[in-house]
Amino acid sequence: MQVSARVTVTPRNLELPETLRELISQGFHSVGFSPMLASPSGRDEMDPGSLREMLEQMIACGLMFETHIAQGIRCPFSNMVTAMAEIHRGTHRPYPCGAGAGYLGVAADGKLSACHRFVQDPAGEMGDVVHGIDRDRQNRWLSDRHVHRQEPCRSCWARYLCGGGCHHEVLARGRPACDYIRGWLHYCLQAYVRLLAKSPAYFEFAP
């Protein structure tokens, strides 16, 4: 059984390299990190200072990944694995995920929403299981949430790697993590160039 760990990062658990090493030592098949950008109570949301610290910690994890790959050792740091695969494929995405398109959330009362985070949230209503998907709502959603319709995304160099950020978090809090995302992607692009030169065999088996 392959089990993955997803770590929600708050200002209270920013020791990411230590966490990565510990979870790998416990046998997790992959380990990834995601910042807490919008919580129901506002508690433990990441602020600009915490996001800057997280970026430094993520890059430290990335450098660990690079070292392992150069030595022919598997490193299950999923943020890097995913980034390297997407950059290598030339991923071009106008949305951050399939919410409202490839998948929907279903509430206990049968109402459909753009994803599980929009259950009981009118902003993401998409119909119900009795009458089906409300195509007008879905089409408006996909049009409004497209990266070309978002600000400041439409002029951001990272828009097709980022996709505009989690819809729910953006509608709840805006985009406090843009500098973090651009910083991480900038590092990932540099790491890709280094790995492609030093360890090209890695990309023969990349996901």
Side-chain angles (χ1 to χ4, degrees), residues 2 4-9 14 16-17 19-21 23-24 28-37 46 51-103 115 142 145-170 175-207:
Q2 295 180 350
S4 299
R6 179 192 179 279
V7 181
T8 298
V9 180
L14 283 164
L16 304 192
T19 302
L20 177 61
R21 283 190 288 265
L23 291 174
I24 291 174
F28 284 94
H29 181 73
S30 68
V31 180
F33 300 97
S34 182
M36 171 73 83
L37 297 180
M46 297 287 277
L51 286 166
R52 285 192 294 272
E53 174 64 20
M54 181 176 177
L55 176 59
E56 292 179 7
Q57 297 282 309
M58 288 286 286
I59 291 173
C61 291
L63 292 171
M64 185 193 311
F65 177 92
E66 289 188 61
T67 299
H68 279 70
I69 297 304
Q71 296 172 350
I73 303 170
R74 179 180 179 273
C75 183
F77 177 29
S78 64
N79 298 78
M80 277 292 281
V81 172
T82 299
M84 294 303 99
E86 290 188 347
I87 293 170
H88 192 65
R89 285 197 305 265
T91 297
H92 177 286
R93 55 180 181 173
Y95 301 99
C97 64
Y103 66 83
C115 77
L142 294 174
R145 304 311 306 164
H146 194 285
V147 74
H148 289 173
R149 301 288 296 273
Q150 301 297 306
E151 294 291 355
C153 305
R154 59 191 299 176
S155 60
C156 177
W157 66 263
R159 62 189 177 278
Y160 298 125
L161 286 169
C162 166
C166 168
H167 301 303
H168 187 269
E169 291 172 352
V170 168
R175 291 188 168 84
C178 288
D179 288 340
Y180 161 76
I181 293 168
R182 280 190 291 265
W184 171 244
L185 291 174
H186 185 265
Y187 161 73
C188 287
L189 289 167
Q190 293 176 317
Y192 173 74
V193 172
R194 289 192 291 268
L195 286 170
L196 194 62
K198 296 178 181 178
S199 307
Y202 170 78
F203 295 98
E204 295 177 13
F205 306 100

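- Between the side chain of Tyr192 and the main chain of Ala83, no donor-acceptor pair closer than 3.5 Å is present.
- Partners of Ser78 according to the side chain to side chain contact (heavy atoms under 4.5 Å, CB included) rule, which considers only residues two or more places apart in sequence or in another chain, are Ser30.
- Evaluation of the ring pair (Phe, Tyr, Trp, His ring centres under 6.0 Å) rule for His146 yields Tyr95, His148 as partners, not counting sequence neighbours.
- One distance of note links OG of Ser199 with CD of Gln71; it measures 9.5 Å at 0.5 Å rounding.
- Residues Leu20 and Phe28 fail the side-chain proximity criterion, which asks for heavy atoms closer than 4.5 Å.
- Not counting sequence neighbours, the partners of Leu51 by the side chain to side chain contact (heavy atoms under 4.5 Å, CB included) test are Pro35, Leu37, Met46, Ala177, Tyr180.
- A distance of 13.0 Å separates CD1 of Ile69 from NZ of Lys198, quoted to the nearest 0.5 Å.
- At least one side-chain heavy atom of Leu55 sits under 4.5 Å from a side-chain heavy atom of Trp184.
- Among all heavy-atom pairs drawn from Leu161 and Arg93, the shortest one is O-NH2, 2.7 Å.
- With hydrogens and angles ignored, the 3.5 Å screen pairs no side-chain donor or acceptor of Arg6 with any backbone N or O of Val31.
- With a 4.5 Å cut-off on side-chain heavy atoms, Glu66 and Met84 do not count as touching.
- In this structure, CZ on Phe33 lies 11.0 Å from OG1 on Thr8, to the nearest 0.5 angstrom.
- For Cys166, the side chain to side chain contact (heavy atoms under 4.5 Å, CB included) partners are Arg117, His168, Glu169, not counting sequence neighbours.
- Contact detail for Leu23 and Ala5: the closest heavy-atom pair is CD1-CB, 4.0 Å.
- The two residues Phe77 and Gly62 make their nearest non-hydrogen contact at CE2-N, 3.6 Å.
- Arg52 pairs by the salt bridge (Lys or Arg N to Asp or Glu O under 4.0 Å) definition with nothing, not counting sequence neighbours.
- Taking every heavy atom of both residues into account, Cys156 and Arg182 meet most closely at SG-NH1, 3.4 Å.
- Here the straight-line distance linking atom OG1 of Thr82 with atom CE of Met80 works out to 10.5 Å at 0.5 Å rounding.
- Side chain of Gln57 to backbone of Leu16: a donor-acceptor contact under 3.5 angstrom is found.
- Residues Val9 and Thr19 fail the side-chain proximity criterion, which asks for heavy atoms closer than 4.5 Å.
- Across Phe65 and Leu195, no two heavy atoms sit closer than the pair CE2-CD1, 3.9 Å.
- Side-chain contact between Pro17 and Met64 is present, with heavy atoms from C-beta onward closer than 4.5 Å.
- Inter-residue side-chain proximity for His167 and Pro96 is flagged as met; some heavy-atom pair is nearer than 4.5 Å.
- Here the side chains of Arg145 and Val170 are in contact, with some heavy-atom distance below 4.5 Å.
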Q: Dump the intermediate steps for side chain to side chain contact (heavy atoms under 4.5 Å, CB included) on Cys61 and Asn79, then the final yes or no.
A: CA-CA 9 Å; Cys61 291; Asn79 298 78; over 6 Å; no
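- Here the OG1 atom belonging to Thr67 is positioned 9.5 Å from the CD1 atom belonging to Ile73, to the nearest 0.5 angstrom.
- The two residues Trp157 and Leu189 have their closest heavy-atom pair at CZ3-CD1, 3.8 Å.
- Judged as a side chain to side chain contact (heavy atoms under 4.5 Å, CB included), and not counting sequence neighbours, the contacts of Cys153 are Val147, Gln150, Arg175.
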